[in-house]
Engineer: 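This is the structure I want to talk about, given as structure tokens.
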Amino acid sequence: MNGFLRGSLLAALAGIALALAACGGGSGDGSSNAPVTSAPTAVVQPLPLPGPYAVACSNIVQDFTRLGPSEDVTSYWSGIPSSSGTPRYVTGLLADPANTLIATVSAPTDSNLYGEFVGQQVQFVVLVCYPTTADNPRPDYPLNPPQTDRVVPHMQTGTEAPLFADASVRYPVVAFSHGYLDSPINSNHYMLALSVCASYGYVVIAPFHGDARFSNLRIDSLEAAIAVATHPENFTALQALRALSISAALDLVLAHPQWRDHIDETQIGGFGASMGGETMLLLGGAGLTTSYFDLGSSWTPVTRDSRIKAAFGYVPYFGQPILPAFGRDQHGLDGINLPFLGLSGTADATAPIIETQIGMSRLTGTRRLVALSGVTHGFDDAATNDIFTWLLTFLGAEVRGDPEAISRYSTMGSVAGGVDDSVWLY
């Protein structure tokens, strides 16, 4: 998925940590996390893509004529302010906000986590995709052609209610968290992820995090570098608010009269890409690093949303050796029992697999780390079948409790074809 976590974010944090802490170092206890030789080894065939259902999505109609001559629509979707500092977010393009799902988060009064955003009301636009009837007559909605060739499939407009494949069924849920400075519709890969999950019978709930509204760590000037260095708490707020936005999105959809009778609240899983993987673990009660210049000696839990039964992370972000995401040596994950499956690339410099391995070794619930050989930080097209077969098997086992998926997952060591995938931690 294009730009899961910009390289400039890594450069900014690494530069700040090294400059102000005046030291490097590693995670200390990584040597105790060697790959487990007794991990499952069964090779499974990839699942067919897409799944058996057609896919439709909620209302997110936008007025693209509001864009300036040189404005990139993704700046609104990602919350990136203009060069003059004018705020931008997807709400500025919504043509029918009354019929668009919008969740609101009240930032708690904890300045360590929420910095200057303490007490503020923050809006998060939400896109929901779901299994629909094969003959759904609603047209696909094009996302600002010719800038993009993406569409929102069978999108609702106005006050239209969702057309479920079976209106009598309560469907399981996938809460989706995209990568840093992205959105659910920023790339074809994200749209593929939403659509694949919905085609397999999940209602996918995906907020637009709008990360750059809180901290934009693209260091392209001395002024920007100074701003980041002097306000690192805003980056903490960004991460903490991501987790709260997922919970708020769930609250909104589960209570909404068009959706509440079609969702199984006992079957909710999570899917996070890059920083979205970190977001999922924060929802599981993990402690977030709150000190930046001492190798993460302090960490604080953000929340615990017990509705999420299990979570999957693709190239999940666990930080860097000089700045772990979950406190020093990833100790913020001690005792966290959220079942978690991570797929990490062995060539990923942005979200190093060793940090993921150290962090996941601290989890006490069902855990599995799968290494994708040679994969860097981003969606790897060659690994498409690997990614979604692991994801759907895991969700089927841990969220749906499907006996066939449980049996397959218990012995699954790799997916046939694709890239070389193998279990590193079990």
Engineer: Rounded at 0.5 Å granularity, tell me how far CG in Leu241 sits from OG1 in Thr303.
Structural biologist: 11.5 Å
Engineer: Does a donor on one side chain sit under 3.5 Å from an acceptor on the other, for Thr290 and Asn112?
Structural biologist: no
Engineer: So which atom in Ala311 and which in Leu338 form the shortest heavy-atom distance, rounded to 0.1 Å?
Structural biologist: CB-CD2, 3.9 Å
Engineer: Do Arg242 and Leu282 come close enough that some side-chain heavy atom pair is under 4.5 Å?
Structural biologist: no
Engineer: Check Met280 against Ala175 and note the closest heavy-atom contact, atom names and distance.
Structural biologist: CE-O, 3.3 Å
Engineer: Under 3.5 Å, side chain of Thr279 to main-chain N/O of Met275, donor-acceptor pair present?
Structural biologist: yes
Engineer: Using side chain to side chain contact (heavy atoms under 4.5 Å, CB included), reason through Ile246 and Asp305 one step at a time and then give a plain yes or no.
Structural biologist: CA-CA 9 Å; Ile246 294 289; Asp305 194 327; 5.7 Å; no
Engineer: Around atom OH of Tyr171, are there more than 12 heavy atoms from other residues, nucleotides or ligands closer than 6.0 Å?
Structural biologist: yes
Engineer: With distance as the sole criterion, is a donor-acceptor pair present between the side chains of Glu71 and Tyr76 under 3.5 Å?
Structural biologist: yes
Engineer: I'd like to check Pro324 versus Phe318 (side-chain heavy atoms, cut-off strictly below 4.5 Å). Are they in contact?
Structural biologist: no
Engineer: Do Thr356 and Trp424 touch side chain to side chain, with heavy atoms closer than 4.5 Å?
Structural biologist: no
Engineer: Take Val173 and Gln267 through the side chain to side chain contact (heavy atoms under 4.5 Å, CB included) test and state the conclusion after the steps.
Structural biologist: CA-CA 6 Å; Val173 171; Gln267 295 188 352; over 6 Å; no
Engineer: Show the numbers, then the answer: is there a side chain to side chain contact (heavy atoms under 4.5 Å, CB included) between Leu49 and Leu192?
Structural biologist: CA-CA 10 Å; Leu49 300 177; Leu192 175 65; over 6 Å; no
Engineer: Sub-3.5 Å donor-acceptor pair from the side chain of Ser78 to the main-chain atoms of Leu181, do we have one?
Structural biologist: yes
Engineer: When rounded to the nearest 0.5 angstrom, what is the spacing between CD1 in Ile185 and CG in Leu143?
Structural biologist: 4.5 Å
Engineer: With heavy-atom distances below 4.5 Å as the criterion, would you say the side chains of Pro153 and Met191 are in contact?
Structural biologist: yes
Engineer: Between Tyr180 and Ser274, is any pair of side-chain heavy atoms under 4.5 Å apart?
Structural biologist: no
Engineer: Can you name the side chain to side chain contact (heavy atoms under 4.5 Å, CB included) partners of Ser106, sequence neighbours left out?
Structural biologist: Gln121
Engineer: Once side chain to side chain contact (heavy atoms under 4.5 Å, CB included) is applied, do any residues pair with Thr289, and if so which ones, sequence neighbours excluded?
Structural biologist: Leu323
Engineer: Over all heavy atoms of both residues, which pair between Ala325 and Glu278 is shortest? Give the atoms and the distance, please.
Structural biologist: CB-OE2, 3.3 Å
Engineer: Evaluate the ring planes of Tyr141 and Phe64, with Trp represented by its six-membered ring, and classify them as parallel (under 30°), tilted (30 to 60°) or perpendicular (over 60°).
Structural biologist: parallel
Engineer: Under 3.5 Å, side chain of Tyr114 to main-chain N/O of Leu238, donor-acceptor pair present?
Structural biologist: no
Engineer: Does a salt bridge link Asp251 with Arg307, judged by any charged N lying under 4.0 Å from a carboxylate O?
Structural biologist: yes
Engineer: Has Thr384 got a side-chain atom pairing as donor or acceptor with Asp381's backbone, closer than 3.5 angstrom?
Structural biologist: yes
Engineer: For Gln320 and Ala349, indicate whether the former's side chain and the latter's backbone hold a donor-acceptor pair under 3.5 Å.
Structural biologist: yes
Engineer: For the CZ atom of Arg367 and the CZ atom of Arg362, what is their distance to the nearest 0.5 Å?
Structural biologist: 10.5 Å
Engineer: Is any side-chain heavy atom of Pro339 closer than 4.5 Å to one of Lys309?
Structural biologist: no
Engineer: With distance as the sole test, does Ser177 use its side chain to make a donor-acceptor pair with the main-chain N or O of Gly272 at under 3.5 Å?
Structural biologist: no
Engineer: Indicate yes or no: at least one non-hydrogen side-chain atom of Leu288 is less than 4.5 angstrom from one of Thr300.
Structural biologist: no
Engineer: Checking side chain to side chain contact (heavy atoms under 4.5 Å, CB included) for the pair Asn234/Phe214: CA distance, chi angles, key distance, verdict?
Structural biologist: CA-CA 6 Å; Asn234 289 346; Phe214 314 108; 5.6 Å; no
Engineer: I'd like to know if the side chain of Arg88 and the backbone of Gly79 have a donor-acceptor N/O pair within less than 3.5 Å.
Structural biologist: no
Engineer: State, to 0.1 Å, how close Gly396 and Arg400 come at their nearest heavy-atom pair, and which atoms those are.
Structural biologist: O-CB, 3.4 Å
Engineer: Go through the structure and list residues passing side-chain hydrogen bond (donor to acceptor under 3.5 Å, both in side chains) with Ser183, not counting sequence neighbours.
Structural biologist: Asn186
Engineer: How far does OH of Tyr202 sit from CD1 of Ile268, to the nearest 0.5 angstrom?
Structural biologist: 12.5 Å
Engineer: Take the SG atom of Cys57, take the SG atom of Cys129, and say whether they are under 2.5 Å apart.
Structural biologist: yes
Engineer: Roughly how far, to the nearest 0.5 Å, is the OG atom of Ser414 from the CH2 atom of Trp390?
Structural biologist: 7.0 Å
Engineer: With Arg368, which residues qualify under side-chain hydrogen bond (donor to acceptor under 3.5 Å, both in side chains), at least two apart?
Structural biologist: none
Engineer: Looking only at heavy atoms, what is the nearest atom pair of Arg213 and His209, with distance?
Structural biologist: NH2-O, 3.1 Å
Engineer: Restricting to non-hydrogen atoms, name the atom on Ala193 and the atom on Phe271 that form the minimum distance, rounded to 0.1 Å.
Structural biologist: CB-CE2, 3.8 Å
Engineer: Using only atom types and a distance under 3.5 Å, with no angle test, would you say the side chain of Ser298 pairs donor to acceptor with the backbone of Ser291?
Structural biologist: no
Engineer: Is the closest side-chain heavy-atom distance between Glu355 and Pro321 below 4.5 Å?
Structural biologist: yes
Engineer: Mind checking whether His331 and Trp299 have parallel, tilted or perpendicular rings, split at 30° and 60°?
Structural biologist: parallel
Engineer: Sequence neighbours excluded, which residues qualify as side-chain hydrogen bond (donor to acceptor under 3.5 Å, both in side chains) partners of Thr74?
Structural biologist: Asp72
Engineer: For Asp63, check salt bridge (Lys or Arg N to Asp or Glu O under 4.0 Å) against everything at least two apart and list the hits.
Structural biologist: Arg66
Engineer: Is the Phe379 ring parallel, tilted or perpendicular to the His189 ring (thresholds 30°, 60°)?
Structural biologist: parallel
Engineer: Spell out, as yes or no, whether a donor-acceptor pair under 3.5 Å connects the side chain of Tyr89 to the backbone of Phe208.
Structural biologist: yes
Engineer: Describe, in one word, how the ring planes of Phe394 and Phe312 are oriented to each other, choosing from parallel (under 30°), tilted (30 to 60°) and perpendicular (over 60°).
Structural biologist: tilted
Engineer: Between Asn59 and Val61, is there a donor-acceptor pair closer than 3.5 Å when you use the side chain of the first and the backbone of the second?
Structural biologist: yes
Engineer: How long is the straight-line distance from CG of Leu93 back to CG of Leu67, given to the nearest 0.5 Å?
Structural biologist: 5.5 Å
